[in-house]
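Right, one structure below, let's go through it.
First the proteins, then the strands, lettered A, B, ... as listed; each starts at 1.
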Number of protein chains: 2
Amino acid sequence: MLTSVPAFKRLPRAVRERQMLDSAARVFSRRGYHAASMDEIAEDAGVSKPMVYAYLGTKEELFLACLRREATRLTEVVAGAVEPGAPADRQLWHGVRAFFDVVATNREGWTVLYRQARGLEPFAAELSGMRARMVQVVTALLSAAMTGSGGEATDTELEVMAHALVGAGESLADWMTDHPDADPAKTATQMMNVAWLGADRLLTGATWHPGVTEAG
Amino acid sequence: MLTSVPAFKRLPRAVRERQMLDSAARVFSRRGYHAASMDEIAEDAGVSKPMVYAYLGTKEELFLACLRREATRLTEVVAGAVEPGAPADRQLWHGVRAFFDVVATNREGWTVLYRQARGLEPFAAELSGMRARMVQVVTALLSAAMTGSGGEATDTELEVMAHALVGAGESLADWMTDHPDADPAKTATQMMNVAWLGADRLLTGATWHPGVTEAG
DNA sequence: GCGTAACGTTACGCCCGGGTAGGTATGCTG
DNA sequence: CAGCATACCTACCCGGGCGTAACGTTACGC
């Protein structure tokens, strides 16, 4: 009927893939994996369903693609935040801070995806892999901090400790997504307090605080 | 065709309901909510599908029933474990210990159900309700421990702290279900160590330990 | 200007699984 | 033994949603 106003169509593949991944993340996070339909994702991306299949493949592959993108984003940001030479608490601090910043920036996209993937059997492995890397990083950090501090703990003890810390972080990340007005930096500080000082000292009035003034 | 060997059938309603709930929990935990089919649940219970619908209602209602049963079991056990008069660390210890015992006993049933319910929109509310009660309990405990200890923290600060603790506990519970040979009591102790003493003191060799010998 | 390949669409096949209609056996009460 | 409620089954309907076949259309090289 009309050749006029093809408007904004016929985009190169790379761009469309980005759009589709964005839409997918959005819809998956809103609806959850199963409730999300490929039709809705396609519609959200302003494209028709077969396009999605042509570019990103099946629903499972699509979700996996989202997952990987977000996982690498998070791990890279966190990994990039630690400065190797610094003392243990400062390293931990920078990691924690970066983590909460990413989550706060990505609320819609990230934490909900993260909440999704656990327990969905095809994806649990992927997520737990990422989690394992996180735990590994923290374990290494703790191990390094211990040498020369006179402490002694087995590898598994350190690992358990790391699991507790990571779990605490995730929990606070969840809490943050439910409280959009919460300040990431403040939350990160509180996380450091409980993780580093422990409940005991915290309750008797001790506080940990970032030593140098932080930007933002 | 045969009136012989009616064998083990025709059980009273209450018994069948228990069986069905058990089967449902088992299948839901194995497959996840969506992948679990009512047919499989019925088969696992040794009964045909319409029976399940007759007794427990729709799939959603069935899952909710499982959820509530496990949630109340957990909260009651934990709540029953704390002894009001005791010092804060011992109260926390007993709660933590009870929590890990329940999880360890129920691996198959519980934690996986718990992993399931987050992010499944119809059920997230239920779960977060239970979680909120847990946080509330811990917050109250912390608040009580603080008065007379010279510390001062706002309510939300305590709440955040409680969230971190609960998250750490959940994380270790997950870890335990993936390591079936782990000892609940030992895990609970390690949890106490990191939660109560903090990473700092732990790494320098300090340890917390249950004061009196525990049964088991 | 014309072939061809990439971009894009409409419409459909089809299976899986939630939910139900209608019918059968068994035990209890008189 | 008549009647009735309860426990239980076989067989079916039907919709939603994944994945695809077959078909247009715009750009770009030659």
Q. Rounded to the Å, how far apart are Arg13(B) CZ and dA5(D) P?
A. 16 Å
Q: Specify the separation, in whole Å, of atom NE2 of His34(A) and atom C1' of dC16(C).
A: 13 Å
Q.
Applying a 4.0 Å non-hydrogen cut-off, can you work out what Ala36(A) is touching in the nucleic acid: base, sugar-phosphate, or nothing?
A. sugar-phosphate
Q | Ionic contact status for Arg73(B) with Asp101(B), cut-off 4.0 Å | A | no
Q) Backbone N or O of Leu127(B) within a donor-acceptor pair of the Arg118(B) side chain at under 3.5 Å? A) no
Q: Would you check if the side chain of Ser143(A) reaches a backbone N or O of Thr139(A) as a donor-acceptor pair within less than 3.5 Å?
A: no
Q: Sort out the partner of dG22(C) for me: Watson-Crick or G-U wobble, both distances under 3.5 Å, none otherwise.
A: dC9(D)
Q) Given atom CG of Asp39(A) and atom P of dC12(C), what is their separation to the nearest angstrom? A) 15 Å
Q.
Need one value for Ser48(B): base, sugar-phosphate or nothing, where a base atom within 4.0 Å counts as base even if backbone is also close, heavy atoms only.
A. base
**Q.** For atom CZ of Arg16(A) and atom C1' of dA6(C), their distance in whole Å
**A.** 13 Å
Q) In whole angstrom, what separates Leu11(B)'s CG from dT26(C)'s P? A) 14 Å
Q.
In this structure, how many angstroms lie between the C1' atom of dT9(C) and the CD atom of Glu43(A), rounded?
A. 15 Å
Q. For DNA chain D, what residues of residues 50-66 of chain B have any heavy atom nearer than 4.0 Å?
A. Pro50(B), Met51(B), Tyr55(B)
Q) Nearest-Å distance, CD (Glu40(A)) to P (dG16(D))? A) 15 Å
(Q) Do Arg131(B) and Ser171(A) pair up side chain to side chain, a donor and an acceptor below 3.5 Å, judged on atom types alone? (A) yes
Q. Is the Trp93(A) to Trp208(A) ring centre distance short of 6.0 Å?
A. yes
Q. Rounded to the Å, how far apart are Arg10(A) CZ and dA6(C) C1'?
A. 6 Å
**Q.** Salt-bridge contact Arg69(B)-Asp22(B) (side-chain N to carboxylate O under 4.0 Å)
**A.** yes
Q: Please check if the side chain of Ser37(A) supplies one atom and the backbone of Glu40(A) the other of a donor-acceptor pair under 3.5 Å.
A: yes
